[in-house]
Amino acid sequence: MSARATPLLFLHGNWHGAWCWTEVIAALAASGRSAVAVDMAGHGLRARRPACLTSRPFDAEALATEVSPVADVDLDQAGDLLVAQIKRVGRGGPVTVVAHSMGGTVLTRAAEQAPESVAHAVYLSGLMPASDVPALACLRLPENAGALVQSCVRADPAAIGALRLDLVSGDAAYRRQLLDALYGDVDRAVAEAAFGLLTPDAPIGIVRGTTTLTRSGWGSVPRTYITCARDMAVRPALQRKFISDATVAFPDNPTAVAALDSSHSPFLSMPGQVADLVAELG
């Protein structure tokens with residue numbers, strides 16, 4: 001391990017938790033690299049599940065109307081939590097942060113708040129919105145046409161305060177679409193196991209939040225975007241737009257690009273390759 005190598009911190013995306021990085025961290029540990037994964041606000045061990053998913057008999061109306069127990073979680077909270085996690089891991093020094101999917105929005109906020117604490121911001125098919133643009137608006141852009149996740153959301157996010165997945169659905173087509181959206185190239189047994197660990201509610205406040213980007217904040221942090229060529233959640237055209245928009249906004253600090261031939265979750269389908277790539281960047 002290089003003497004210059006920084007600690008690595010991994011942040012997951014919507015509905016996931018620190019658990020999804022297990023194999024990547026194991027591969028890094030085998031090479032002697034320090035790495036940890038953390039839970040995003042409202043997710044993992046910080047998640048709270050709606051009663052409608054476990055109450056019996058199952059009530060489809062409650063699924064669509066019960067206010068989420070994480071409805072009060074927003075981007076401010078998520079950003080503050082990540083900054084605290086980064087500082088704890090870095091122990092006063094900078095950390096390379098790798099964020100997947102919606103975790104990218106939180107990484108952007110954290111890097112704007114505490115740029116001195118982020119040695120390198122790495123977006124793994126991550127949401128990397130432009131200044132003052134909510135992630136939700138990005139997901140609705142023409143560049144994300146064909147994405148499979150949005151139609152899997154059950155209930156009106158504005159009404160319940162979350163993007164809710166029906167993780168107990170008996171609809172085989174619905175389940176298959178969600179698996180294809182998130183885990184298209186993942187071994188099916190692993191994908192099914194991951195499905196069982198998902199959190200049903202992703203706080204809408206994170207998706208709707210915005211960050212004003214500055215040259216001295218996020219614009220000063222070295223960044224790399226890792227594209228996923230077969231992603232059906234954050235489509236390749238949207239990934240390319242994030243990269244080009246950031247470089248236009250901060251031309252003195254262009255976005256470096258790396259590529260994986262994977263679906264949305266390469267930490268499960270090719271964890272060794274993800275570990276090798278991240279180790280080179282950090």
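FYI, the numbering just counts along the sequence from 1. Heavy atoms only: backbone and side chains are in, while hydrogens, waters and symmetry mates are out. This one's a predicted model, so the numbers in the text were calculated from it and none came from an experiment.
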For a quick test of your reading: what N or O donor-acceptor pairs under 3.5 Å do the side chains of residues 118-137 make, sequence neighbours left out?
from: H120; atom 1: ND1; to: L281; atom 2: O; distance (Å): 3.2
from: H120; atom 1: NE2; to: T224; atom 2: OG1; distance (Å): 2.7
from: Y123; atom 1: OH; to: T108; atom 2: OG1; distance (Å): 2.7
from: Y123; atom 1: OH; to: W218; atom 2: NE1; distance (Å): 2.8
from: S125; atom 1: OG; to: D231; atom 2: OD2; distance (Å): 2.5
from: S125; atom 1: OG; to: Q239; atom 2: NE2; distance (Å): 3.4
from: S131; atom 1: OG; to: L213; atom 2: N; distance (Å): 3.0
from: D132; atom 1: OD1; to: T212; atom 2: OG1; distance (Å): 2.5

Inset, instruction - For the residue pair Q113 and D80, confirm or rule out a side-chain donor-acceptor distance under 3.5 Å. - result: yes
Inset, instruction - Decide whether S262 and D185 meet the rule of one side-chain donor and one side-chain acceptor closer than 3.5 Å. - result: no
Can a donor-acceptor pair be found, under 3.5 Å and without considering hydrogens, that links the side chain of [X] to the backbone of [Y]?
X	Y	value
E112	T211	no
Q77	I206	no
R33	T6	yes
H12	M40	yes
H16	T199	no
N144	R235	yes
R109	G104	no
N253	V221	yes
Y174	D166	yes
H264	M232	no

Inset, instruction - Measure up the W21 and F10 rings against each other and bin them: parallel (under 30°), tilted (30 to 60°), perpendicular (over 60°). - result: tilted
Inset, instruction - Please report the C-alpha distance between E66 and R49 in whole Å, then the side-chain angles of each, then the deciding distance to 0.1 Å, and finally whether the salt bridge (charged side-chain N to carboxylate O under 4.0 Å, His left out) criterion is met. - result: CA-CA 11 Å; E66 182 184 339; R49 293 175 177 264; over 6 Å; no
Inset, instruction - Measure from the ring center of F267 to the ring center of H100 and say whether it is less than 6.0 Å. - result: yes
Legend entry - Shared hydrophobic cluster, L260 / V190 (ILVMFWY, side-chain heavy atoms < 4.5 Å): yes
Inset, instruction - Check whether L81 and I86 end up in the same hydrophobic cluster, where Ile, Leu, Val, Met, Phe, Trp and Tyr are linked by side-chain heavy atoms less than 4.5 Å apart. - result: no
Legend entry - Interatomic distance, S263 atom OG to Y183 atom OH [nearest 0.5 angstrom]: 9.5 Å
Legend entry - Nearest-0.5 Å distance that lies between atom CZ in F58 and atom SG in C52: 6.5 Å
Heavy atoms, side chains only, cut-off 4.5 Å: are [X] and [Y] in contact?
X	Y	result
R164	I160	yes
P203	M102	no
L182	L198	yes

Legend entry - Set of salt bridge (charged side-chain N to carboxylate O under 4.0 Å, His left out) partners for D261, sequence neighbours left out: R230
